[in-house]
Amino acid sequence: MQDDLALSAYQLDPEGLDALAPNEPPYRIDQIREWLYAHPVLDPAQMTNLPGELRKSLAGRLWPFVVGIEQTADAGRTRKWLFRSPNGASIETVLMGYRKRTTLCISSQAGCAMACTFCATGQFGFERHLDAGEIVAQIAYANAALREQPIAGSPGRVTNVVFMGMGEPLANYANLRESLHRMIDVIDMAARSITVSTVGVVPGIHKLADEPWQVGLAISLHAADDELRTSLIPLNKRYPLDDLVDAGLYFFRKTGRRISIEWTMMDGVNDNPDQAAKLSRIAHRLSAHINVIAMNPTPLTPHQRPDRMTIRDFMDDLDHHGANATFRETRGHEIDAACGQLRIRSATETPNGAQL
Ligand code: SAH
C-alpha cells in the first residue's frame, strides 16, 4: 500500500483531498477540488485563488504522469499524448475535436492482456491496471490542455469519453467503476456521453448493466462466428458469441441503451458476404448499431485494410440485410493514433521519450 502522501492529487479520493494539504481549512480543500475537476489547469501555479505557498506545495504533485510525447494531426483537431507514470508505465490518450463534441479516447490499462491479433497494444502484453485517478486524470489533463489551446470550432471541454485507448476496461472493473463515479458525480459529465468498449468480458458486461448509470457499451465484435472470432480474439474461447450476445441483450434490456458493435475490417479476414450476413443477424438480435472502421495497419500485426470497393460492397451487404451501420473514417493516421501505436514508436524510436 502506498502512503497517501506519496500519491498525486488525482490519485486521491476526491473526498480525501485533505491528505494533500493537511493543515488547510475545508474551504481551501473545496477550492483545490474545484481546480482538479471543474476547472483543471496544467500547473498548480495557475490556481489563482490559492495562497502562493499552497500552490508551491502542490507543484509536481498534481498529475500522476508526465507527458512523454505530444502530437497533433488533422490540422490541430486531433491531439495525442503518451503519458508516462513515475514507474514507467505508458498511457495513451487521444483527443478529437468535432463540430458539436470534443471526444477523448482514454486508456484503462497500461498494455493489455487480451492479445488480439490485430491490436498493437495486445502484442506488447500487459503492464498493469491504471487506477481510477490515472483514468480520470487523462480527462482532466485534456480539459486543462483545451483551456490553454482550444480546438477551433469544437467545444472547449471534453464532452464525450470513449474507453478505446489501451487496455480492456472490463478486466479492470473496480477502477473502471470508480473512474465512472468520478466522471459522472464529480466532473459532472453525462453518463450517456461515456462509452465503455469491450472485447467481450461477459461478467463485466453484466456488472456494468447493473450499475445505476446509463453509460454506453460498445462491443468489439470483428468476427461473427466462433471459429473466426477465436482466431482473432483469444478471449472468445472463454466467452463465445452466444454468451456475449446474451450479455449484450441483458445490458440493452437493463439499461435501455442501444449497444454499438465495432467491426474493424481486415483484408481477406472478415470482409466477405458471409460475415456481413452473420454480423447483420447478430446486430438485429441486439438491436445494435454497427460501426465499421478499416484496419489501421501496425508494424506488429499481419492484417491490412481492404480496398475501397471491398469496403463499399460490405457496407452494401449490411444495408441489404437491413442492418444499421456506419463506416467511420479513422482520425490521426499520421500520428499513429491507432491503439498502441504511439507506444510502439516510442519504444523503437524515442526510448528517451523526446518529442518526435
Ligand atoms: N479492449 C477494448 C478497448 C480498447 S481497443 C476493446 O477491445 O473494445 C479499442 C478499439 O480499437 C477496439 O474496437 C479494437 O478492436 C480496435 N482496434 C485495435 N487495434 C486496431 C487496429 N490496428 N485497427 C483498427 N482498430 C483497432
Side-chain angles (χ1 to χ4, degrees), residues 10 34-43 46-47 62-63 65 67-83 91-108 134-166 169 179-180 182-197 213-218 257-258 260 262 264 289 291-294 296 325-342 355-356:
Y10 283 101
E34 288 267 307
W35 285 116
L36 293 179
Y37 295 99
H39 310 288
V41 285
L42 292 178
D43 184 338
Q46 296 165 281
M47 298 179 174
L62 190 54
W63 302 104
F65 41 59
V67 177
I69 302 176
E70 179 171 351
Q71 291 183 318
T72 59
D74 303 318
R77 291 182 305 129
T78 304
R79 286 184 207 160
K80 177 153 185 168
W81 293 281
L82 181 76
F83 299 113
I91 303 168
E92 291 186 355
T93 308
V94 183
L95 180 69
M96 292 158 287
Y98 300 92
R99 211 189 321 225
K100 292 204 170 121
R101 63 200 154 90
T102 301
T103 299
L104 192 70
C105 176
I106 62 173
S107 296
S108 56
E134 290 171 312
I135 296 173
V136 171
Q138 296 170 66
I139 302 166
Y141 193 93
N143 278 330
L146 278 167
R147 175 189 171 118
E148 305 263 306
Q149 198 183 355
I151 299 177
S154 299
R157 285 183 76 81
V158 173
T159 60
N160 294 68
V161 166
V162 294
F163 280 84
M164 294 188 185
M166 289 201 298
S179 74
L180 290 173
R182 292 185 196 178
M183 288 178 215
I184 295 164
D185 301 322
V186 185
I187 301 185
D188 207 20
M189 297 190 70
R192 300 182 69 86
S193 69
I194 303 168
T195 300
V196 174
S197 182
W213 307 301
Q214 276 204 315
V215 297
L217 179 70
R257 287 221 56 186
R258 224 172 262 280
S260 48
E262 305 298 310
T264 295
H289 185 91
N291 289 318
V292 180
I293 66 164
N296 215 330
T326 313
F327 181 75
R328 307 224 180 250
E329 278 306 332
T330 47
R331 280 281 191 99
H333 289 294
E334 69 266 47
I335 57 167
D336 304 308
C339 196
Q341 289 192 331
L342 200 59
Q355 293 265 334
L356 290 178

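Along the sequence shown, residues are numbered consecutively beginning with 1. Keep in mind that the numbers below use all heavy atoms, side chains included, and drop hydrogens, waters and symmetry copies.
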Would you give the length of the straight line joining atom CD1 of Ile293 to atom OG1 of Thr326, rounded to the nearest 0.5 angstrom? 12.5 Å
Run Met183 and Ile106 through side-chain contact (heavy atoms from CB on, under 4.5 Å) and show every step you take. CA-CA 13 Å; Met183 288 178 215; Ile106 62 173; 4.1 Å; yes
Kindly compute the distance separating CE (Met189) from CD1 (Ile139), expressed to the nearest 0.5 Å. 5.5 Å
Quick one: list whatever passes side-chain hydrogen bond (donor to acceptor under 3.5 Å, both in side chains) with Ser108, sequence neighbours left out. none
Where do Ile194 and Phe163 come nearest, in terms of heavy atoms and distance? CG2-CE1, 4.0 Å
Residues which pass ring pair (Phe, Tyr, Trp, His ring centres under 6.0 Å) with Tyr141, listed by chain and number, not counting sequence neighbours: Trp63, Trp81, Phe83
Correct closest heavy-atom pair for Arg328 and His289 would be NH2-NE2, 4.0 Å
For residues 146-155, which residue pairs qualify under salt bridge (charged side-chain N to carboxylate O under 4.0 Å, His left out), counting only residues two or more places apart or in two chains? none
Mind listing the closest non-hydrogen atom pair of Ala191 and Ile184 along with its distance? CB-CD1, 3.8 Å
Considering residues at least two apart in sequence or located in another chain, which fulfil the side chain to side chain contact (heavy atoms under 4.5 Å, CB included) criterion with Ile151? Arg77, Arg79, Leu95, Leu146, Ser154
side-chain hydrogen bond (donor to acceptor under 3.5 Å, both in side chains) partners for Asp43, two or more places apart: none
Might you point out which heavy atoms bring Thr102 and Arg157 nearest each other, and give the distance in Å? CB-O, 3.3 Å
Nearest 0.5 angstrom please: Leu42 CG to Gln149 CD, how far? 10.5 Å
Nearest 0.5 Å, please: how far is SG in Cys105 from NZ in Lys80? 7.5 Å
Run the side-chain hydrogen bond (donor to acceptor under 3.5 Å, both in side chains) test against Thr159 and tell me which residues pass, sequence neighbours left out. none
What are the two closest non-hydrogen atoms of Pro155 and Arg99, and how far apart are they? CD-O, 4.0 Å
With sequence neighbours excluded, residues passing side chain to side chain contact (heavy atoms under 4.5 Å, CB included) with Asp185: His181, Trp213
Find the distance between CG (Leu36) and CG (Leu62) and round it off to the nearest 0.5 Å. 6.0 Å
Interatomic distance, Glu134 atom CD to Ile91 atom CD1 [nearest 0.5 angstrom]: 4.5 Å
Only counting residues at least two apart or in another chain, list the ones meeting side chain to side chain contact (heavy atoms under 4.5 Å, CB included) with Ala218. Met164, Thr195, Ser197, Ser260, Glu262
Quick check: closest heavy atoms across Tyr10 and Arg182, and the distance to 0.1 Å? O-NH1, 3.3 Å
Under the side chain to side chain contact (heavy atoms under 4.5 Å, CB included) test, residues paired with Thr103 that sit two or more places apart: Met96, Tyr98, Arg101, Asn160, Val162
Quick check: do Val41 and Met47 have side-chain heavy atoms less than 4.5 Å from each other? yes
Considering residues at least two apart in sequence or located in another chain, which fulfil the side-chain hydrogen bond (donor to acceptor under 3.5 Å, both in side chains) criterion with His39? none
